[in-house]
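Note that ligands are numbered from 1 as they come in the structure, with each ligand's atoms numbered from 1 the same way.
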Amino acid sequence: MEIKRFENKVWLASPTMYGEEQKFVQEAFDTNWIAPLGPNVDAFEKEVAEYIGVGHAAATSAGTAALHLAYKLAGVEQGDIVLCSDLTFSATVNPISYEKAEQVFIDSERDTWNMDPRALEIALEKYKGRVKAVAIVHLYGSPAKLDEIVELCDKYGVTLIEDAAESLSSTYKGQQTGSFGKYNIVSFNGNKIITTSGGGMLLSDDEDAIKKARKWSTQARDNAPWYQHSELGYNYRMSNVIAGIGRGQLLHLEEHKAKKQAIYRRYEEGFKGLPISMNPYLEDTDPNFWLSCMLIEKEVVESGKVTPEMVRLHLEKYNVETRPIWKPMHMQPYFEGRDFISVDGDNVGKDLFERGLCLPSDVKMTEEVQNQVIELIRALLIR
Ligand SMILES: *Cc1c(COP(=O)(O)O)cnc(C)c1O
């Protein structure tokens with residue numbers, strides 16, 4: 001089969017809009033609720049909290065802002081340690097530095113690519129008394145080993161923060177990710193499973209905490225007729241226009257999940273017989289497969305026959321976007337010197353980074369286009 005360069009770029013993940021978003025945005029215009037907050041924000045918070053199954057939510061200008069508020073609520077401050085997922089987007093761990101606390105990076109496990117509970121336990125022992133919080137991510141939508149992680153956090157009395165930015169709608173034993181931590185966040189950035197163009201949300205069952213976060217995120221104004229501030233504030237709230245987009249998108253979340261799952265299954269099927277595997281997940285989970293990823297077998301990569309970079313450059317020629325796996329945080333120049341905890345001297349994150357690649361997972365990608373992408377990858381690996 002001769003495959004030509006795609007005229008339209010095949011995206012990793014791009015926004016998919018329907019028109020219902022505009023109805024909610026129009027409402028905001030009609031009632032002149034343009035500025036921060038308003039009925040769309042209230043409704044969007046309620047709808048997302050109900051969907052995930054937590055008591056309360058605060059909509060923010062970004063997922064990163066929600067994470068910053070989560071760390072503040074956990075009481076993270078200078079001198080504290082936060083144990084965090086090593087293989088993630090830097091947004092998970094950056095706000096720890098905003099508070100001048102210190103990250104300790106916990107290696108991934110092969111079963112889920114997420115934080116290895118065994119490495120977490122080693123770190124909890126090593127830093128006993130100094131750990132304020134544990135921050136976990138559900139990479140590419142695959143839930144982490146939550147039972148084990150929640151149990152360890154309870155045992156050591158540390159606060160769990162869930163970064164569910166990539167896993168909105170994924171479930172673990174029937175329960176939504178973003179509902180296991182004391183404080184949890186989701187993101188509505190442009191490439192996420194649903195988007196508001198940019199935005200996020202902080203979620204918790206603790207109503208007082210959410211009230212506090214709302215106050216911090218609106219410049220921490222005290223209840224006074226003049227502008228009075230007893231605490232440091234931020235401008236982190238979501239606008240009422242943006243929340244309108246979110247309400248429209250939320251109507252299509254389950255549909256997006258089903259499409260992402262179908263995309264993952266097609267790759268899985270299409271790669272049969274090749275020396276590659278897909279991003280893994282636990283049996284009792286239902287991942288949203290935000291991104292489908294492939295992992296090339298060690299011997300193939302080490303022999304130099306086919307590397308993820310070769311696949312990426314080859315697909316780029318056909319106008320197909322792929323992306324390396326997140327580069328682990330302990331390998332980032334900015335975090336040089338931070339501790340990295342793994343099991344038996346292994347370095348799973350580095351290995352996944354060197355052998356993995358994120359594949360086009362756009363919900364608008366047709367089966368025909370995906371089959372051609374699969375064919376291009378097959379041709380490279382079958383030789
Ligand atoms: C996208 C993302 C975020 C933050 O999202 P923004 O809304 O862009 O600030 C945080 N963590 C992870 C793992 C993400 O993928």
Side-chain angles (χ1 to χ4, degrees), residues 11-15 41 44-45 48 52 57-72 82-98 103 105-106 108 112-115 133-144 149 160-170 177-178 180-181 183-203 213 217 234-239 242-243 245-246 249-250 256 260 279 287-293 323-330 332 335 349 352-353 356 358 361:
W11 297 101
L12 210 60
S14 73
V41 172
F44 190 39
E45 286 175 345
V48 174
I52 294 182
T60 53
S61 50
T64 311
L67 274 160
H68 188 193
L69 296 168
Y71 289 122
K72 278 182 67 81
V82 179
L83 306 178
C84 29
S85 292
D86 175 57
L87 191 63
T88 185
F89 181 40
S90 65
T92 309
V93 305
N94 280 339
I96 299 164
S97 292
Y98 304 168
Q103 298 86 350
F105 299 117
I106 311 298
S108 290
T112 67
W113 294 7
N114 293 309
M115 184 186 281
V134 169
I136 60 161
V137 69
H138 306 293
L139 213 66
Y140 305 125
S142 284
I149 289 167
L160 177 62
I161 294 171
E162 239 188 305
D163 177 352
E166 300 180 1
S167 67
L168 178 58
S169 80
S170 298
T177 59
F180 289 84
Y183 311 112
N184 315 289
I185 77 100
V186 293
S187 164
F188 308 110
N189 191 33
N191 59 2
K192 295 295 176 355
I193 189 160
I194 57 168
T195 181
T196 59
S197 74
M201 207 174 280
L202 173 72
L203 301 138
S217 63
Y234 304 87
N235 186 0
Y236 276 175
R237 276 299 244 168
M238 181 181 276
S239 95
I242 292 291
I245 303 176
Q249 283 274 288
L250 197 56
H256 284 196
K260 297 262 191 196
N279 43 327
N288 69 5
F289 294 122
W290 171 57
L291 294 184
S292 287
C293 311
R323 192 189 290 159
I325 299 295
W326 297 122
K327 184 172 182 177
M329 289 301 116
H330 81 277
Q332 300 290 349
F335 293 117
L352 297 174
F353 172 61
C358 302
S361 309

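Here the OG-OH distance, from S217 to Y234, works out to 11.0 Å after rounding to the nearest 0.5 Å.
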Report each N/O pair between ligand 1 and the protein that falls under 3.5 Å, naming both atoms.
{"unit_1": "ligand 1", "atom_1": "5 (O)", "unit_2": "S187", "atom_2": "OG", "d": "3.3"}
{"unit_1": "ligand 1", "atom_1": "7 (O)", "unit_2": "G63", "atom_2": "N", "d": "2.7"}
{"unit_1": "ligand 1", "atom_1": "7 (O)", "unit_2": "S187", "atom_2": "OG", "d": "2.8"}
{"unit_1": "ligand 1", "atom_1": "9 (O)", "unit_2": "G63", "atom_2": "N", "d": "3.3"}
{"unit_1": "ligand 1", "atom_1": "9 (O)", "unit_2": "T64", "atom_2": "N", "d": "2.8"}
{"unit_1": "ligand 1", "atom_1": "9 (O)", "unit_2": "T64", "atom_2": "OG1", "d": "2.4"}
{"unit_1": "ligand 1", "atom_1": "11 (N)", "unit_2": "D163", "atom_2": "OD1", "d": "3.4"}
{"unit_1": "ligand 1", "atom_1": "11 (N)", "unit_2": "D163", "atom_2": "OD2", "d": "2.6"}
{"unit_1": "ligand 1", "atom_1": "15 (O)", "unit_2": "E166", "atom_2": "OE2", "d": "2.6"}
{"unit_1": "ligand 1", "atom_1": "15 (O)", "unit_2": "K192", "atom_2": "NZ", "d": "3.4"}

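Note: W290 and Y140 have parallel aromatic rings, judged against thresholds of 30 and 60 degrees for the angle between ring planes.
Partners of A243 by side-chain contact (heavy atoms from CB on, under 4.5 Å), not counting sequence neighbours, listed by chain and number: N40, V41, F44, M238. Scored by the ring-ring contact (aromatic ring centres under 6.0 Å, His included) test, F89 finds W326 as partners (sequence neighbours excluded). The ring-ring contact (aromatic ring centres under 6.0 Å, His included) test applied to F289 returns Y264, Y281, not counting sequence neighbours.
Side chains of F188 and Q249 form no contact here, defined as non-hydrogen atoms less than 4.5 Å apart.
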